[in-house]
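Read the structure below first, then the notes.
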Amino acid sequence: MSRGGTSRPAPQDDYDVVVVGAGMGGLYTAHRVLTIGLTVRVLEAGAGVGGTWYWNRYPGARCDVASVDYSFSFSEELQNEWSWKERYAGQPELEAYFNHVADRFGIREHIDFETRVESARYDADRHRWFLRAGDRTYGAQFVVMATGPLSVAYGPTFEGTDDFAGQIYHSADWPEGVDLTGKRVGVVGTGSTGIQMIPLLAEVAEHLTVFQRTANYSVPARNRPMSEQEMAEVRATYAKRRDQARRSRAGFPPRTPPISENSAMAVTEQQRREVYELMWEQGGGLAFRASFSDLLTNRKSNDTASEFIREKIRQVVKDPATAETLVPHDHPYATKRPPVDTNYYETFNRPDVTLVDLRETPIERLTSAGVQTSDRTYELDVLVLATGFDAVTGSLSRIEVEGRDGVVLKDKWKDGPRGYLGMAIAGLPNFFTVNGPGSPAAFTNMATHTEQNVEWITDFIGYLVEHRIRAAEPRPEAEDAWTRRMREAGEKTLYPEANSWYVGANIPGKPRVFMFYVDGFDVYSEECDRVARSGYSEFTIFS
Ligand code: FAD
Ligand code: NAP
């Protein structure tokens with residue numbers, strides 16, 4: 001049934017809902033929209049589904065949240081039929097999973113691939129959005145932007161890039177069939193991505209040169225195969241596990257041993273060390289971050305975790321000078337998203353791996369032969385950019401979005417993003433964002449977060465359709481209050497101390513503001529539920 005609310009004959013590309021993006025968020029939104037009986041079209045720039053797991057094909061790409069939790073919970077059948085092969089699934093397995101979801105729930109036929117949305121304009125008279133992608137225009141009553149918080153690759157433009165005779169690959173746009181065997185490879189970037197790929201590149205390259213600007217804190221992943229028996233054990237309590245994740249602080253089920261509610265300062269040094277050692281052995285960066293309750297709010301507590309990891313680095317890396325270069329000093333632990341690794345620090349003990357400290361010897365330019373720093377030229381066949389993303393706002397800012405009365409999203413966000421609950425924006429009626437700025441997204445298991453966002457948005461769309469309401473948008477005062485609450489919560493933490501993508505500091509010229517709600521996924525979900533129960537009282541209704 002189409003409830004578009006317009007008397008015009010429906011053109012071919014006219015839908016109740018247009019969803020942009022066919023990652024985790026877009027796929028689930030389409031499924032929910034179809035379930036409530038509305039028409040939907042998903043527009044996806046890539047040639048396949050999976051979003052993050054379609055684009056990021058670099059060696060070693062895998063999730064850092066256990067796959068049994070970093071997966072959809074909405075279908076018991078799906079949970080029962082899919083067996084994860086590893087504790088942390090690699091990119092191929094995750095991509096296969098999202099393809100399975102697209103086929104199993106009949107979503108694929110509702111997707112236009114290789115369709116990049118360039119603009120979205122609201123027609124206030126008709127209460128409809130019109131989205132342009134190339135020479136096609138799609139009309140819809142509702143737009144759901146599931147364009148991803150980490151979907152716009154950022155690659156610095158080094159002087160002389162065109163002179164370089166070798167190949168340059170970005171981790172998030174990794175071509176098929178790249179063979180680095182026997183090549184002289186350079187990597188710029190030591191975030192989660194660089195840290196995952198560096199040990200694997202070292203295994204195949206003739207020589208690997210790692211260009212590091214900021215040393216990072218990494219914790220072992222401890223990935224391992226998942227047996228069928230382990231899957232069966234998870235399935236036996238899956239419903240409870242998912243329910244607990246949905247009501248938790250960061251979208252995870254309870255851990256064994258339980259996450260400490262203590263301050264790191266409330267225990268003795270020996271007790272602290274025992275906790276950190278246990279977390280180190282169990283593996284997982286997000287688990288390590290939760291070793292104590294106040295690692296991100298109390299500098300002294302954080303220092304204990306930071307120092308523990310520094311000691312580990314010095315123990316693993318044999319050459320003291322290399323170890324010191326790898327030891328982070330300029331930001332507190334986990335104020336950048338904590339990476340996990342398999343043999344990252346060990347890799348620097350290899351004779352065929354060189355670490356270049358860009359703080360000492362910055363990159364000056366690329367030449368035909370390779371990378372020239374202030375010190376020398378490193379000859380390379382391939383340069384890999386693991387330099388991250390124009391995160392959180394990047395994908396939306398690249399679309400010309402114009403709402404009611406000339407509200408232009410790019411202008412509205414010029415000093416940083418503003419919105420309500422990370423899902424709706426004043427001036428843009430019937431326009432929703434999944435995993436958007438102002439939500440807790442990056443501070444959670446994003447599978448849990450995505451499901452919560454999608455369910456709230458599609459319930460709201462269902463409510464509007466059922467009540468024959470043509471449009472709704474958050475009241476400006478609600479948006480102001482939420483934006484303030486979100487930023488104030490961030491400022492009370494140590495997060496703003498790091499030059500991270502959380503605050504936009506990784507992109508030259510981007511406004512430096514904290515972009516997530518960090519007071520807990522549980523608190524956030526309750527607030528979202530309250531708004532729904534109140535009949536969406538924080539929204540202006542256009543009937
Ligand atoms: P995405 O998966 O990014 O999908 C967005 C889609 O929108 C993309 O396919 C993109 O092509 C499309 N799109 C964007 N703009 C347009 C446009 N204008 N027109 C058409 N299509 C467009 N989170 C975790 O919780 N745990 C993890 O272990 C984890 N690992 C990660 C590993 C990597 C390498 C990266 C980059 C991120 C990781 N994340 C992880 C975060 C991850 O992005 C989210 O978990 C989740 O995949 C986000 O889903 P999404 O649907 O919101 O966005
Ligand atoms: P990132 O965390 O932003 O790291 C980018 C790296 O590139 C940093 O080391 C940065 O140095 C460096 N860099 C950027 N520009 C540079 C320049 N001009 N010169 C030299 N170095 C430069 O990006 P990412 O590693 O791709 O990760 C982004 C996010 O994706 C993660 O935080 C995480 O949320 C997600 N992710 C998750 C996993 C996982 O394990 N599941 C894996 C990959 C990614 P500075 O620190 O000095 O800026």
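When a ligand or atom number is given, it counts from 1 through the structure's own listing order. This one's a predicted model, so the numbers in the text were calculated from it and none came from an experiment.
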Which residue supplies the protein heavy atom nearest to [atom], what is that atom called, and how far is it?
{"atom": "atom 6 (C) of ligand 1", "result": "Glu44 OE1, 3.6 Å"}
{"atom": "atom 38 (C) of ligand 2", "result": "Ser192 CB, 3.7 Å"}
{"atom": "atom 40 (O) of ligand 2", "result": "Gln196 NE2, 3.1 Å"}
{"atom": "atom 3 (O) of ligand 2", "result": "Trp501 CD1, 3.7 Å"}
{"atom": "atom 39 (N) of ligand 1", "result": "Tyr70 OH, 4.2 Å"}

Should the proximity of [X] to ligand 1, defined as any heavy atom under 4.0 Å, be assigned to the side chain, the backbone, both, or neither?
{"X": "Tyr54", "answer": "neither"}
{"X": "Phe113", "answer": "neither"}
{"X": "Cys63", "answer": "both"}
{"X": "Tyr88", "answer": "neither"}
{"X": "Val20", "answer": "side chain"}
{"X": "Thr147", "answer": "both"}
{"X": "Leu27", "answer": "neither"}

Does ligand 2 have any atom sitting under 4.0 Å from a heavy atom of [X]?
{"X": "Gln212", "answer": "no"}
{"X": "Tyr58", "answer": "yes"}
{"X": "Ala386", "answer": "yes"}

Quick check: does [X] get an N/O under 3.5 Å from an N/O on ligand 2?
{"X": "Asn506", "value": "no"}
{"X": "Ser171", "value": "no"}
{"X": "Asn499", "value": "no"}

Quick one: which of [options] has a heavy atom closest to [atom]?
{"atom": "atom 27 (C) of ligand 1", "options": "Val65, Asp64, Thr29", "result": "Asp64"}
{"atom": "atom 4 (O) of ligand 1", "options": "Ser171, Gly51, Gly191", "result": "Gly51"}
{"atom": "atom 18 (N) of ligand 1", "options": "Leu150, Leu43, Val117, Val19", "result": "Val117"}
{"atom": "atom 37 (C) of ligand 1", "options": "Asn56, Thr52, Asp69", "result": "Thr52"}
{"atom": "atom 26 (O) of ligand 2", "options": "Thr157, Thr193, Thr190", "result": "Thr193"}
{"atom": "atom 17 (C) of ligand 2", "options": "Arg213, Arg337, Arg359", "result": "Arg213"}

Legend entry - Test item: Thr444 and Gln452 side chains (from C-beta on) under 4.5 Å apart, heavy atoms: no
For residues 23-31, run the donor-acceptor check on the side chains, cut-off 3.5 Å, and write out each pair with its distance to 0.1 Å, sequence neighbours left out.
{"unit_1": "Tyr28", "atom_1": "OH", "unit_2": "Glu455", "atom_2": "OE2", "d": "2.5"}
{"unit_1": "Thr29", "atom_1": "OG1", "unit_2": "Gly25", "atom_2": "O", "d": "2.7"}

Inset, instruction - Quickly, which of Tyr502, Tyr517, Phe521 forms a ring pair (Phe, Tyr, Trp, His ring centres under 6.0 Å) with Phe443? Name it, please. - result: Tyr502
Inset, instruction - Could you tell me whether Glu95 and Arg57 have a side-chain N and a carboxylate O separated by less than 4.0 Å? - result: yes
